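Quantities reported herein were computed from a predicted structural model and do not represent experimental measurements. All chains are named by letter (A, B, ...) in the order of the sequence lines, taking the proteins before the strands, and each is independently numbered beginning at 1.
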Amino acid sequence: MTHVESLPPPRTGIGPIGWLRQNLFSTWYNALLTIIATLVIGVVLLSIIEWAVGSARWGAISTNMTLFMLGQYPREQVWRVWAVIYLLALLLGLSWGVWQTAVRGFALIAVGASLVFALSVVNSSVWPIWIGVAFAIGLGYLGGRHVPGMRRVAVVGGVLSFPIGLLLISGLTRLNFLPQVPSNLWGGLLLTLVLTVVGNLVSLPLGILLALGRRSRLPVIHYFCVGYIELIRGVPLITILYMAANMLPFFLPETVRPELVVRAMIGLILFEAAYQAENVRGGLQAIPRGQYEAAYALGLNPILTTLFIILPQALRLVIPALLNSFVSLFKDTSLVAIVGLFDLLRIGRSVLAQSDWLGTHREVFAFAFLVYWGINLALTYGGRRLERALGIGQR
Amino acid sequence: MSPPEEPIIACEDVHKWYGQFHALRGISLSVQRGEVVVIFGPSGSGKSTFIRTLNRLEEHQRGRIVVDGIELTNDIRNIEAVRREIGMVFQSFNLFPHLTVLQNIVLAPVWVRRWKRQQAAQSAMQLLERVGIPEQAHKFPGQLSGGQQQRVAIARALAMQPKVMLFDEPTSALDPEMIKEVLDVMIELAKSGMTILAVTHEMTFARSVANRMLFFDGGVIVEQGTPDQIFNHPQHDRTKLFLSQILKH
């Protein structure tokens, strides 16, 4: 016998009925558990649905939607927030066109979300704007796909979108068409997202520096970083927020008086950086020594080695942990309410104080629940797609 | 320009300790340009440690090492200057897994030698031709066989146009059928006039191209000579015993 034909693998599927029998009804007590669990889930779901479509007073949400989204942001300046959304939509589409699979998850979610938003506000004047967002993503995609040189535009745009977005939202006293909106008027989901995005974007590089510093052979840098990380991680976020809000001005010169939002943001960043540092350190430790040796043997200095060889691999390894921290910070921003800022959740409590909507706790918190959860779901799903796309060619 | 008779590598009484363990116990060696030196010996004899001191992946604690007129001291500028002139190939390849084959090769020429990217890519493709795998240029290391990865590692080291190549057991992690493809590249390299120091037990390589063989044991060079002297007339009992063990099968 010299040659054996390749055979198809044995069938492993058992069909839906077989699966049910094997997993849910394998013994009499499993069958009993299945039935009881189904009944409990059914009763709970039914009562929730009954409430949601029947007695719930969703007017508490719909009449206050702008408040939930933007807080006290001046209503005649709302176009600036739309401008930011359109900018990001174009950029997202562009990145989708340029990088394809890596960004596709995020892009599809954004398209789907804007269409859902358009549907949910179909009897107000806002819905065409949401349809426009979906089109902007599509337009960006076509541009990124077919226009040469868009990769650079996407990278530069990605970097610039951050300051431009902030500038659009905050404005400048000197610009007549873009009057300043003091940050104490920012609120709702807008404030939550600004805190989350700025917090994450600043704390990640800071965390990377701290992680690298912690591995430094210079004692001053090493012990400073260890001390910082351990100090911050040993204290609750609320404490740090209180200190940032109340004590930060004592450490700054008389002329510098940052607004409350900025102070809270500094607190969040300082807190988050310590956690990101530990995440990144985990990745740095996973890089085999041979990678350093190969880089050094080629004549690369430690900075180039870290930048081109070690960090790209280390960060890729810890994407799940980094995303986990992004999500935590997003949720932790709700704590800024205790220093007097009106984030999404705090707006909810103020809605409950409106005389028209007394007692609508369930509606308000169900809404907040859905907003937080929906955004996190999108982040997680998009992140997983990104992870899979970046994993190509890994070891 | 240094006169041709000056050795490219000169070591005098090199010592190295790991904690209490005395790993290198006074190695003196000088290597001429174009020489091919094979280093062999039992594991733990210090042969890997020794060639890793030549580009300062390991620090020596006593003695002098001078490479192409530059002495290896604690001065990082000297160390980086020496590393630019010495290419190294490792047992476990150590390719950068997040970069394509081509990116692996052009990285150092672009950032250390400051070559134009296009020029670096062109010479990288020539090197890939030379090691026989130009079609793999845009794959990631993880998609290649061990033999192919090691040939990329050789091309990556050659891309810096080094004056000396160090090989640290380049075939020990390879399947037997892949050893030959790597050895062929090394033999071609040796015949092209490259100065080579190789820690290896591939005696076909030693027989066909080595000018000199060093037998390491216990942190010293026990015996050295041409392949003919070592294989046919070894002087020390330790050398005879070791050779009889590795040549038996």
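Around OH of A:Y228, the count of heavy atoms belonging to other residues, nucleotides or ligands within 6.0 Å exceeds 12. Other residues, nucleotides and ligands place no more than 12 heavy atoms under 6.0 Å from the CD atom of B:E177. Residue A:F162 places its CZ atom among more than 12 non-hydrogen atoms of other residues, nucleotides or ligands, all under 6.0 Å distant.
Between A:I309 and B:L107 the shortest heavy-atom distance is CD1-CD2, 3.4 Å. In this structure, A:A297 and B:M88 approach most closely via the heavy-atom pair CB-CB, 4.0 Å. The minimum heavy-atom distance linking B:R83 with A:G299 is given by the pair CB-CA, 4.0 Å.
In summary, of the residues considered (A:L300, A:L304, A:N301), a side chain to side chain contact (heavy atoms under 4.5 Å, CB included) with B:W111 occurs for A:L304 alone.
Looking at B:L95, only its backbone comes within 4.5 Å of chain A, counting heavy atoms on both sides. For B:I86, the part sitting under 4.5 Å from any heavy atom of chain A is the backbone (N, CA, C, O) and nothing else.
Within the 4.5 Å cutoff, side-chain heavy atoms of A:P302 are placed close to those of B:E80.
Between chain B and the residues A:F308, A:Y296, A:Y292, the most heavy-atom pairs under 4.5 angstrom are made by A:F308.
Distance CG/B:L57 to CZ/A:R289: 8.5 Å, rounded to 0.5 Å.
Under the rule for a side chain to side chain contact (heavy atoms under 4.5 Å, CB included), the partners of A:A294 that lie at least two apart in sequence or sit in another chain are B:F90, B:N94, B:F96, B:R156.
In this structure a side-chain-to-backbone donor-acceptor pair under 3.5 Å is missing from B:H98 to A:I310.
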